[in-house]
Student: 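Here's a structure for you.
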Amino acid sequence: MKLLTGWLYPDLMSTYGDRGNVICLQKRCEWRGIEAQILPIEVETSLSELEKVDLIMGGGSQDRQQEIVMRDLKGVKGKTIKKMIENDKPGIFTCGAPQLLGHYYEPAIGQRIEGLGIFDMVSVCPGPDKPRCIGNIVVETNKNYNIYNDYNSYNNYLVGFENHGGRTYLGKNIAPLAKVIRGFGNNGEDKTEGAVYKNAVATYLHGPVLPKNPHLADWLIKTALEVKYGKKIKLERLDDDLERHAHDFIIKKILANK
Ligand code: GLN
């Protein structure tokens, strides 16, 4: 089996270490004998290349870079990504990336950036003099999504690190990814974190999020392969006790201090 991950604008959207998500997906595939390729999606990337992608990853960036990226995404590329997500291709979008997939993002300084409107949500930065949402974050995932059903007792939690000025507000047609246990999440007010639409996951969690939450990485790989090959896939269990212990340790600590 083969999995092609499309990585949105590695040069412009790699400010917060989300490259680790791509490495994590690649390694977890390779360790199972699944051929993993990465396609950087850049201004020069053609539509025919983009359409071959099985899974999309978009990382964090700064307001200025988001504006440049959005100029490129506005045309056919954006429409193609929308179609891919509507057709159930999975995606993991962190922080700056989901801000562009909502209806709009209002940056700290400058004009509103119109988004692709794939996620029913808007993001607004209250201004450069307002505090950013920074720190470790733990969230409990939405039980309506059986993203984590293969794993142990802490599989319904995610851990990460957030660093954003923008605040995201969800519309009626989208469900949050999770409930905030510790941290800010979407806006620091309503306890929601991230969003899920079809198989596309939006989140404020860096860390990067996938190596810190291997169950989420495996759900993305499994879903991408199921959509691509049109059959149920059972991923081989990896020897990843260390990653799981690290994940569970921090969740237990946070829950104990609640
Ligand atoms: N520029 C956005 C913000 O500050 C995104 C930051 C990020 O990707 N971490 O809200």
Side-chain angles (χ1 to χ4, degrees), residues 6-24 40-42 56-74 78 81 91-139 158-171 174 176-178 180 182-195 200-213 216:
W7 179 7
L8 290 177
Y9 307 91
D11 288 345
L12 292 164
M13 302 189 75
S14 288
T15 321
Y16 296 85
D18 298 314
R19 172 173 167 267
N21 290 335
V22 175
I23 299 171
C24 175
I41 301 169
E42 286 157 333
I56 314 175
M57 195 310 271
S61 60
Q62 287 168 356
D63 290 5
R64 165 102 185 88
Q65 280 76 21
Q66 282 173 253
E67 201 232 311
I68 302 170
V69 163
M70 207 52 221
R71 262 187 263 145
D72 189 47
L73 278 183
K74 262 209 184 106
I81 291 175
I92 175 79
F93 303 101
T94 298
C95 203
Q99 289 175 349
L100 301 180
L101 302 187
H103 298 299
Y104 60 79
Y105 172 52
E106 288 178 2
I109 299 167
Q111 306 247 310
R112 177 185 281 194
I113 306 169
E114 295 299 331
L116 296 180
I118 301 173
F119 289 101
D120 180 22
M121 61 194 202
V122 299
S123 304
V124 178
C125 181
D129 51 336
K130 292 284 182 313
R132 291 177 67 79
C133 304
I134 303 177
N136 291 311
I137 173 165
V138 169
V139 301
L158 297 171
V159 56
F161 185 83
E162 58 184 328
N163 182 353
H164 51 109
R167 274 68 164 169
T168 295
Y169 300 91
L170 303 183
I174 190 118
L177 167 69
V180 176
R182 167 77 60 87
F184 298 93
N186 282 341
N187 48 52
E189 295 159 37
D190 64 14
K191 297 272 175 207
T192 63
E193 204 302 300
V201 175
T203 180
Y204 270 114
L205 272 60
H206 298 291
V209 66
L210 296 185
K212 284 201 168 188
N213 302 277
L216 179 57

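We count ligands from 1, going down the list as the structure has it; atoms in each ligand are counted the same way. The figures that follow rest on heavy atoms only: side chains count, while hydrogens, waters and symmetry mates do not.
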Student: Any non-hydrogen atom of H206 lying under 4.0 Å from ligand 1?
Tutor: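 Flag set, H206 near ligand 1.
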Student: First locate atom CG of L216, then atom CG of L205, and finally report the distance between them rounded to the nearest 0.5 Å.
Tutor: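 Reported value, rounded in 0.5 Å steps: 9.0 Å.
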Student: Over all heavy atoms of both residues, which pair between P208 and D18 is shortest? Give the atoms and the distance, please.
Tutor: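 Smallest heavy-atom distance, with atoms named: CB-CA, 4.3 Å.
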Student: Does R132, backbone or side chain, put an N or O under 3.5 Å from an N or O of ligand 1?
Tutor: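 Yes; the residue has a nitrogen or oxygen that sits under 3.5 Å from a nitrogen or oxygen of the ligand.
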Student: Under a 3.5 Å cutoff, is there a donor and acceptor pairing between the side chains of Y16 and E162?
Tutor: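 Note: Y16 and E162 side chains miss the donor-acceptor criterion.
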Student: Looking only at heavy atoms, is any part of Y105 under 4.0 Å from ligand 1, and if so is it the side chain, the backbone, or both, or is it neither?
Tutor: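 The answer is the side chain of Y105.
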Student: If every non-hydrogen atom of S61 is compared with every non-hydrogen atom of L12, which pair is closest and at what distance?
Tutor: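 Heavy atoms only, the tightest pair is CB-O, 3.4 Å.
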Student: Which atoms from ligand 1 have a heavy atom of H164 less than 4.0 Å away?
Tutor: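 In order of number, 4 (O), 10 (O).
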Student: Does some non-hydrogen atom of Y204 fall short of 4.0 Å from ligand 1?
Tutor: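 No, that is not the case, since the closest heavy atom of the residue is not under 4.0 Å from the ligand.
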Student: Would you mind running through ligand 1 and noting each atom that sits below 4.0 Å from a heavy atom of G166?
Tutor: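 Heavy-atom distances to G166 below 4.0 Å select 3 (C), 4 (O), 10 (O).
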Student: Within a distance under 4.0 Å of any heavy atom of Q66, pick out the atoms of ligand 1 and give their elements.
Tutor: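 In order of numbering, the contacting atoms are 1 (N), 2 (C), 5 (C).
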Student: Under 4.0 Å from any heavy atom of G96, which atoms of ligand 1 are there?
Tutor: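 Result: 5 (C), 7 (C), 8 (O).
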Student: When you measure from the heavy atoms of E162 to every atom of ligand 1, does any distance fall below 4.0 Å?
Tutor: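 So E162 does not count as touching ligand 1.
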Student: So is D63 polar-close to ligand 1, meaning N/O to N/O under 3.5 Å?
Tutor: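 Yes, there is a polar N/O contact under 3.5 Å.
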Student: For the atom pair CE (M121) and OH (Y104), what is the distance rounded to the nearest 0.5 Å?
Tutor: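 The distance works out to 12.0 Å.
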Student: Out of G60, C125, C95, G165, who gets a non-hydrogen atom closest to atom 7 (C) of ligand 1?
Tutor: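 Considering heavy atoms of G60, C125, C95, G165, the nearest to atom 7 (C) of ligand 1 sits in C95.
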Student: I need the single residue from H164, Q66, E106 that forms a side chain to side chain donor-acceptor pair (under 3.5 Å) with Q99. Which is it?
Tutor: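 Output: one option passes, namely Q66.
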Student: Would you say S61 and ligand 1 have an N/O pair spaced under 3.5 Å apart?
Tutor: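 The answer is yes, given that S61 and ligand 1 share an N or O pair closer than 3.5 Å.
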Student: Not counting sequence neighbours, list each pair that qualifies as a salt bridge (Lys or Arg N to Asp or Glu O under 4.0 Å) and has a residue in residues 57-71.
Tutor: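 Only R64-E67, E67-R71 qualify under salt bridge (Lys or Arg N to Asp or Glu O under 4.0 Å).
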Student: Tell me, do I81 and L8 make a side-chain contact under 4.5 Å, heavy atoms counted?
Tutor: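 Yes - at least one pair of side-chain heavy atoms lies under 4.5 Å apart.
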